[in-house]
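A short worksheet on the structure shown next.
The chains referred to below are lettered A, B, ... by the order of the sequence lines, with proteins before strands, and numbering in each begins at 1. All values derive from a computational prediction rather than experimental measurement.
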Amino acid sequence: MPNIILDFETRSRMPIAAGAYNYASDASTDILCLGVICEGTGNEWLWYPSDGPLPYDLTAAIQAADLIKAHNATFDKLIWEFVGVDDYAFPELPANRWYCTSAQCRVNALPSSLDNATRAVGVKMRKDRRGAQLIKLLSIPNDDGTFNTDPSALKEMGDYCLQDCRATLDLSQSIRQMTPQEHADWLLTEDVNERGAKVDVELARLALDYAEDEKLAIAEALTEITGGAITKHTQAVRARNWVIEQCGGDDIAAGIVAELTVFKDGVKKLSMDKAIRSNLLLKAASGDLTIPDNVLDVIELIDQGSKSSVSKFQRMVELADPDDHRVRGAFVFAGAGQTQRFASRGLQMHNMRRDCWGAEEAIAIKQDMAENYELDNVMNTLSKLLRPTIIPDTGKVFVVGDWSAIEGRVLPWLTNDPDAEVVLDVFRSGEDIYMHTAAAMRIDDRFIGKVATLALGYQGAVGAFNVMAKAYGLALPEAQVIAIVKKWRNANQWAVNFWRECERAVIKAMRKPATYVPCGRCQFIFIEGLIGGTLIGVLPDGTMLQYPRAKLEYVETQWGGKHQVSYMKASLTPKADAKAWPRATLYGGIIAENLTQAVAGCLLRYSLRQLDDVVLHVHDEIVLEVPSDIADHSMTTLQTVMETEPDWAEGLPLKAEPVIMERYGK
DNA sequence: TGCGGCGGCGCC
DNA sequence: AAAGGGCGCCGCCGCA
């Protein structure tokens with residue numbers, strides 16, 4: 001039977017920032033209206049709670065629908081279950097019929113939000129901007145906790161709700177549908193999100209208190225040293241200006257200004273970020289730069305403050321379910337439009353500081369805090385507590401597996417180049433890839449082999465090497481870096497050839513629409529009828545990477561003319577006055593990178609489909625929460641799943657050695 | 001006062 | 001000819 005589109009408008013005293021799960025399950029949450037459109041017949045319904053029970057024909061249409069589509073369907077599903085079924089006797093709906101049009105946008109490499117997606121696609125039905133005002137008016141309580149119930153505003157809200165349904169319908173029909181596999185993977189993500197991950201709320205609260213005190217202390221110290229010119233460590237502009245001013249006379253100040261100067265997209269800017277601060281401290285210590293002591297103190301304070309984890313602990317407390325302390329809804333299927341990898345929102349699980357305390361240390365620090373002891377190096381200590389604040393339930397442990405050098409393996413495998421087998425053989429034999437790389441470059445330095453391996457695979461050169469090297473505290477003369485890049489490329493011709501193949505493949509695909517063009521183990525095809533012409537990279541498992549509004553252009557450069565492919569890039573947000581969506585240009589290295597990261601994502605999804613009890617994943621890492629007495633068995637299972645390559649990845653060597661953890665860690 | 005822009009930071 | 005890119009969140013900055 002025909003699909004239906006639906007959209008709820010709601011109100012609640014629970015802030016939406018507490019997450020969709022806490023919001024929907026809160027006692028104060030109520031439905032303002034429900035808009036529904038039948039995708040087949042075009043029939044529309046608008047229901048208010050004051051109308052009484054859902055009309056029979058509406059209930060019938062929803063129950064009979066193959067798919068129930070909604071933009072951010074998680075939200076509508078939760079409202080249906082927690083408010084509709086419980087308070088208004090809505091019928092129960094099977095979970096697997098829900099279909100998220102926001103996820104559908106993302107697999108089409110479009111922005112996630114309805115507003116942005118409709119803008120990007122240019123569909124006729126646009127999201128109604130009056131909505132934001134109405135939400136403020138009707139959905140958010142007044143200061144005294146009461147709600148506005150103005151009938152005319154409520155009627156307007158209904159119009160807005162139906163308008164959103166029409167925009168969603170129009171949008172969903174203007175782009176390709178999710179494949180059954182994508183839909184199944186979205187449902188699987190829903191399961192992981194519903195399971196959630198437990199937070200040690202007690203620890204988070206203690207950490208929060210300590211962090212807030214320390215933040216205040218840092219602010220006071222900054223205010224005193226600078227005489228109020230800087231009052232918080234987060235005031236970047238004020239800090240820069242003060243530092244330059246303090247460095248006095250023009251000559252010295254010019255020296256400082258040079259240190260703070262960076263080029264971003266060719267534009268000269270001043271910055272005093274972590275790397276630059278570190279550089280300033282080093283040069284001051286070595287005498288290369290004269291910096292007054294009070295300035296050094298300020299830089300030190302900003303360093304400390306920047307490790308702050310106040311917000312993240314705050315977010316943990318805010319998002320944790322009040323009953324079971326689990327944070328739900330953290331993962332976004334295909335959140336990264338360009339690679340179809342997962343993203344994480346709310347409590348961002350994908351960027352927690354890796355350098356962290358073990359379970360025992362974390363418990364000891366928790367004890368110290370509970371007894372009001374002072375901590376050493378407070379901010380640093382606290383930020384190292386972030387991961388261990390994620391805990392398994394009583395009687396359970398985490399089983400954590402991560403793939404070893406996943407991108408370093410996928411890239412050579414993906415090329416399908418016989419020359420790349422040498423590299424794959426190194427992985428198969430268990431030898432040290434960094435030693436091998438160094439040897440192939442005829443450089444007797446494992447460290448250079450490592451940085452080169454990590455930095456140069458995607459056509460990066462001197463810049464990429466230096467950025468990576470700096471992260472490891474290595475600085476080499478430019479001439480030497482140029483030589484390293486050259487040697488790495490010579491030793492890894494398969495990579496250089498693949499970049500060129502990628503670039504040629506996309507151009508060829510653009511020239512011959514609807515024709516598959518091979519590219520290593522992938523293919524490219526240009527579909528003219530999809531979103532203003534979409535270039536698709538088809539991965540070995542059938543996953544599609546899309547480049548919407550792709551254009552083949554001939555550009556004149558100072559080195560001569562050339563063809564290149566550009567496309568509309570969802571992750572770039574257009575300026576308020578922008579007429580067209582921002583675009584990006586493809587070149588060999590970036591194509592190779594997109595494909596590689598995407599295939600790593602395919603492997604992750606392939607594994608997740610076979611596993612129960614997944615509570616977390618971070619691109620190359622899977623975390624299970626299992627009863628302690630079956631942990632050993634789960635560890636074996638996880639390793640087998642992660643190391644067994646799918647049918648479509650024959651010859652790809654995979655390595656993972658899971659471990660058991662009492663708290664989340666590195 | 002509200003809001004978009006942007007710098008900064010963390011991860012893979 | 002050369003090119004690192006993929007994310008999300010926080011909070012200040014500066015404009016309307």
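- The nearest whole Å value for the distance from the NZ atom in K269(A) to the P atom in dG5(B) is 13 Å.
- Applying the 6.0 Å contact sphere to CZ of R205(A) captures no more than 12 heavy atoms from other residues, nucleotides or ligands.
- Protein atom CG of L595(A) is 12 Å distant from nucleotide atom P of dG6(C), rounded to whole Å.
- Close to dA2(C), at under 4.0 Å from its OP1 or OP2, lies no side-chain N or O of R500(A).
- In this model, no donor atom of one side chain and acceptor atom of the other lie less than 3.5 Å apart for Q338(A) and S571(A).
- Distances from the side chain of I590(A) to the nucleotides dA3(C), dG5(C), dC7(C) place dG5(C) closest.
- For T339(A) and dG5(C), the shortest distance from a side-chain N or O to OP1 or OP2 is not below 4.0 Å.
- Side-chain contact annotation: N594(A) with Y547(A), donor-acceptor N/O pair under 3.5 Å present.
- Within 4.0 Å of K666(A), counting heavy atoms only, lies no atom of the nucleic acid at all.
- Residue L456(A) contributes atom CG, which lies 14 Å from atom P of dA2(C) at whole-angstrom precision.
- Considering only the side chain of N594(A), dG5(C) comes nearest among dG5(C), dC7(C), dC10(C).
- Backbone-only contact: S271(A) has heavy atoms under 4.0 Å from sugar-phosphate atoms and none from a base.
- Here the P atom of nucleotide dG6(C) and the CZ atom of F331(A) are 21 Å apart, to the nearest Å.
- R489(A) places its CZ atom 11 Å from the C1' atom of dA1(C), with the value rounded to the nearest Å.
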Nucleotide N/O of nucleotides 10-12 of chain B paired with protein N/O under 3.5 Å:
from: dG10(B); atom 1: OP2; to: K274(A); atom 2: NZ; distance (Å): 2.8
from: dG10(B); atom 1: N3; to: N351(A); atom 2: ND2; distance (Å): 3.3
from: dC11(B); atom 1: OP1; to: R354(A); atom 2: N; distance (Å): 2.7
from: dC12(B); atom 1: OP1; to: R354(A); atom 2: NH1; distance (Å): 2.2
from: dC12(B); atom 1: O3'; to: D620(A); atom 2: OD1; distance (Å): 3.3

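- Between atom CD of residue E503(A) and atom SG of residue C519(A) there is a gap of 11.0 Å, rounded to the nearest 0.5 Å.
- Under 4.0 angstrom from either OP1 or OP2 of dC7(C) there lies no side-chain N or O belonging to R106(A).
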Side chain to side chain contact (heavy atoms under 4.5 Å, CB included) evaluation trace for S306(A) with K274(A): CA-CA 8 Å; S306(A) 302; K274(A) 192 174 159 178; over 6 Å; no

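- Applying the 4.0 Å criterion to OP1 and OP2 of dG6(C), one finds that K569(A) has a side-chain N or O inside that range.
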Annotated protein contacts, base or backbone, on nucleotides 11-16 of chain C with a non-hydrogen cut-off under 4.0 Å, one of B, S, - each: SSS---

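- R315(A) is linked by a salt bridge (Lys or Arg N to Asp or Glu O under 4.0 Å) to E318(A), counting only residues two or more places apart in sequence or in another chain.
- The separation between F313(A) atom CZ and dC9(C) atom C1' is 15 Å, rounded to whole Å.
- Between Y23(A) and F75(A), the distance separating the two ring centers is shorter than 6.0 angstrom.
- Where E503(A) and G335(A) each meet DNA chain C at their nearest nucleotide, the meeting point lying more 5' is that of E503(A).
- Comparing Y587(A) and R345(A) by the nucleotide of DNA chain C whose heavy atom lies nearest to each, the residue mapping closer to the 5' end is Y587(A).
- Comparing atom distances between the A336(A) side chain and each of dG6(C), dA2(C), dC9(B) picks out dG6(C) as nearest.
- OP1 and OP2 of dA2(C) both lie 4.0 Å or more from every side-chain N or O belonging to Y458(A).
- One interatomic measurement links the two molecules: CG of L347(A) to C1' of dC10(C), which rounds to 14 Å at whole-angstrom precision.
- As judged by a 4.0 angstrom heavy-atom cut-off over every strand, G457(A) is placed among residues making no nucleic acid contact.
- Residue-level contact check: G346(A) touches the backbone only, with heavy atoms under 4.0 Å from sugar-phosphate atoms and none from bases.
- The closest side-chain donor-acceptor pair between N241(A) and R238(A), if any, does not fall under 3.5 angstrom.
- A distance of 6.0 Å separates CG in L222(A) from CD1 in I302(A), rounded to the nearest 0.5 Å.
- The shortest heavy-atom contact between D273(A) and S271(A) is N-OG, 3.2 Å.
- The CD atom of Q340(A) sits 13 Å away from the C1' atom of dC7(C) (whole-angstrom rounding).
- Checked against a 6.0 Å centroid threshold, the rings of F342(A) and H619(A) do not count as neighbours.
- Nucleic acid contact for G460(A): sugar-phosphate only, since backbone atoms but no base atoms lie under 4.0 Å from a heavy atom of the residue.
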